[in-house]
Amino acid sequence: MEGEGALKVGVGPVRTGVTVIFPRGKADARPVYGGFFNLNGNGEMTGRAYLDDFGIVQGPVGITDTNGVGQVYAGIQQWHSKHFGSATWPVVAETWSGYLSDLEGYHVTPETAVAALDSAKPGVVEEGNVGGGTGMVCFGFKGGIGTASRVVTIESESYTVGVLVQCNTGARRVLRIAGAPVGAALANRWLPCFDRKLAAKAENLPPCTEDGSKGVAPPDQGSIIIVVGTDAPLMPKQLDRVAKRAAMGLARLGSYSGNSSGDLILAFSTVPGK
């Protein structure tokens, strides 16, 4: 996060980053079984050939902004080569940060990805305005990284299902939270605008007002990347089915996957271990 004021390509303001997920932790380079669902394909996620043909995810998963995909891919390869003796072919996905960040300045570099990989740690996931979510807008609010998890029991065995999203999508008027029509109640208030103290102008957005009465309703566009991880012993075809059902979670928020939204879903299982 660097700079304020009017956009100057190559300088800023910069609001971007990288989020990484180690399916087996940093010390274990083995691939995991994976599945994929393309809910709406106006976006990019690498690693599809291995998912389609072999049903596996190799190495760490990276999530960043649209123009950082290649750099994060290279950074993960470099990191993996250094730590395990050879490069890998990872899954790297993106959402668009152009409203808030100097997207064409290419501020995400392989070194940014390496820093994210080095600093990744187990435990509670940091959420909100962090990592790849730093430049994102979701349902007309500040977007970013979010998580949810559940423990499910099947025939006396308990398994964890964890979900991480990088949200940059959604029309405000249809937003629902826990079934409540929050978006309808806020459809004409606290909509996207620009602050004169932070930017000289923002394309197609009016200046903000103190009472939140000015703004432009966002369409259901942008993108969302959804990653589902579980310790349930599922095979690739089953994980494809899990990925499809994650789309229902997005639908519960009110999203209808607008034509220019990249809504891509990855699922993986940390077992079996062989």
Side-chain angles (χ1 to χ4, degrees), residues 1 7 13-19 36-46 61-69 72 91-108 127-148 163-177 182-184 186-187 190-195 198-199 202-206 208 215-228 243 246-266:
M1 297 179 66
L7 173 66
V14 181
R15 303 288 186 270
T16 190
V18 180
T19 292
F36 174 80
F37 182 57
N38 177 359
L39 178 60
N40 198 71
N42 191 39
E44 182 60 88
M45 180 182 284
T46 69
V61 176
I63 317 175
T64 187
D65 71 25
T66 297
N67 289 1
V69 171
V72 173
V91 171
V92 180
E94 54 80 25
T95 60
W96 187 79
S97 65
Y99 284 130
L100 301 179
S101 187
D102 174 23
L103 184 67
E104 300 302 325
Y106 290 89
H107 298 279
V108 170
E127 298 182 81
N129 198 48
V130 296
T134 304
M136 304 307 158
V137 177
C138 194
F139 290 92
F141 295 107
K142 181 64 189 74
I145 298 296
T147 67
V163 179
L164 183 142
V165 305
Q166 181 167 298
C167 186
N168 192 54
T169 192
R172 169 73 64 81
R173 68 183 185 278
V174 297
L175 172 63
R176 302 180 73 87
I177 298 178
V182 173
L186 296 174
W190 307 118
L191 294 168
C193 57
F194 79 92
D195 187 336
L198 301 178
E203 185 177 0
N204 300 324
L205 292 180
C208 298
V216 176
D220 192 347
Q221 64 182 29
S223 293
I224 186 169
I225 302 300
I226 303 174
V227 181
V228 184
M248 296 179 182
L250 180 58
R252 287 194 67 204
L253 289 175
S255 175
Y256 47 84
S257 289
N259 190 53
S260 58
S261 187
D263 305 333
L264 306 175
I265 306 170
L266 174 72

Practice task
Evaluate the side-chain proximity of K142 to L100: yes if any heavy-atom separation is below 4.5 Å, no if none is.
Solution key: yes
Handout entry: E94 side-chain N/O to V69 backbone N/O, donor-acceptor pair under 3.5 Å
Key = no
Exercise for the section: Any chance you could measure L175, atom CG, to I177, atom CD1, to the nearest 0.5 Å? Expected result: 4.5 Å
Handout entry: Side chains of L164 and T147 in contact at under 4.5 Å (non-hydrogen atoms)
Key = yes
Exercise for the section: Give the minimum heavy-atom separation between G215 and C193, together with the two atoms involved. Expected result: CA-CB, 4.4 Å
Completion exercise
For A247 and F37, the nearest pair of non-hydrogen atoms, with its separation, is CB-CE2, 4.2 Å
Handout entry: Over all atoms of both residues, closest heavy-atom pair of F141 and W190
Key = CE2-O, 4.5 Å
Practice task
Heavy atoms only: give me the nearest I265-A246 pair and the separation to one decimal.
Solution key: CG2-CB, 3.8 Å
Handout entry: M136 CE to T169 OG1 distance, which is reported to the nearest 0.5 Å
Key = 11.5 Å
Handout entry: OG-CG distance between S255 and L39, expressed to the nearest 0.5 angstrom
Key = 7.5 Å
Problem - Atom pair CE/OG1 of M1 and T16 - distance to nearest 0.5 Å - result: 11.0 Å
Handout entry: Main-chain N/O of G17 paired with T64 side-chain donor or acceptor, under 3.5 Å
Key = yes
Handout entry: Distance, nearest 0.5 Å, that separates OG of S257 from CD1 of I224
Key = 9.0 Å
Handout entry: Crowding at CZ, R15 (>12 non-hydrogen neighbours, <6.0 Å)
Key = yes
Problem - Expected output: side-chain T46 to main-chain V92 donor-acceptor under 3.5 Å - result: yes
Exercise for the section: Evaluate the criterion side-chain hydrogen bond (donor to acceptor under 3.5 Å, both in side chains) for residue pair T95 and N168; output intermediate values, then yes/no. Expected result: CA-CA 6 Å; T95 60; N168 192 54; 4.6 Å; no
Practice task
Indicate the atoms forming the closest heavy-atom contact of Y99 with W96, along with that distance.
Solution key: N-CZ3, 3.5 Å
Fill in the blank from the handout: Value for OG (S101) from CG (N67), rounded to nearest 0.5 Å, stands at 10.0 Å
Exercise for the section: Can you see which heavy atom on A93 is nearest to which on M45, and at what distance? Expected result: CB-CE, 3.9 Å
Practice task
Please examine the side chains of L191 and P218, heavy atoms only from C-beta on, and report whether any two atoms are closer than 4.5 Å.
Solution key: yes
Exercise for the section: Ignoring hydrogens and angles, tell me if any N or O in the side chain of D220 forms a donor-acceptor pair with the backbone of Y256 under 3.5 Å. Expected result: yes
Exercise for the section: Please determine, by modelled atom types, if S260 and N42 share a side-chain donor-acceptor pair under 3.5 angstrom. Expected result: no
Practice task
Please examine the side chains of I226 and V165, heavy atoms only from C-beta on, and report whether any two atoms are closer than 4.5 Å.
Solution key: yes
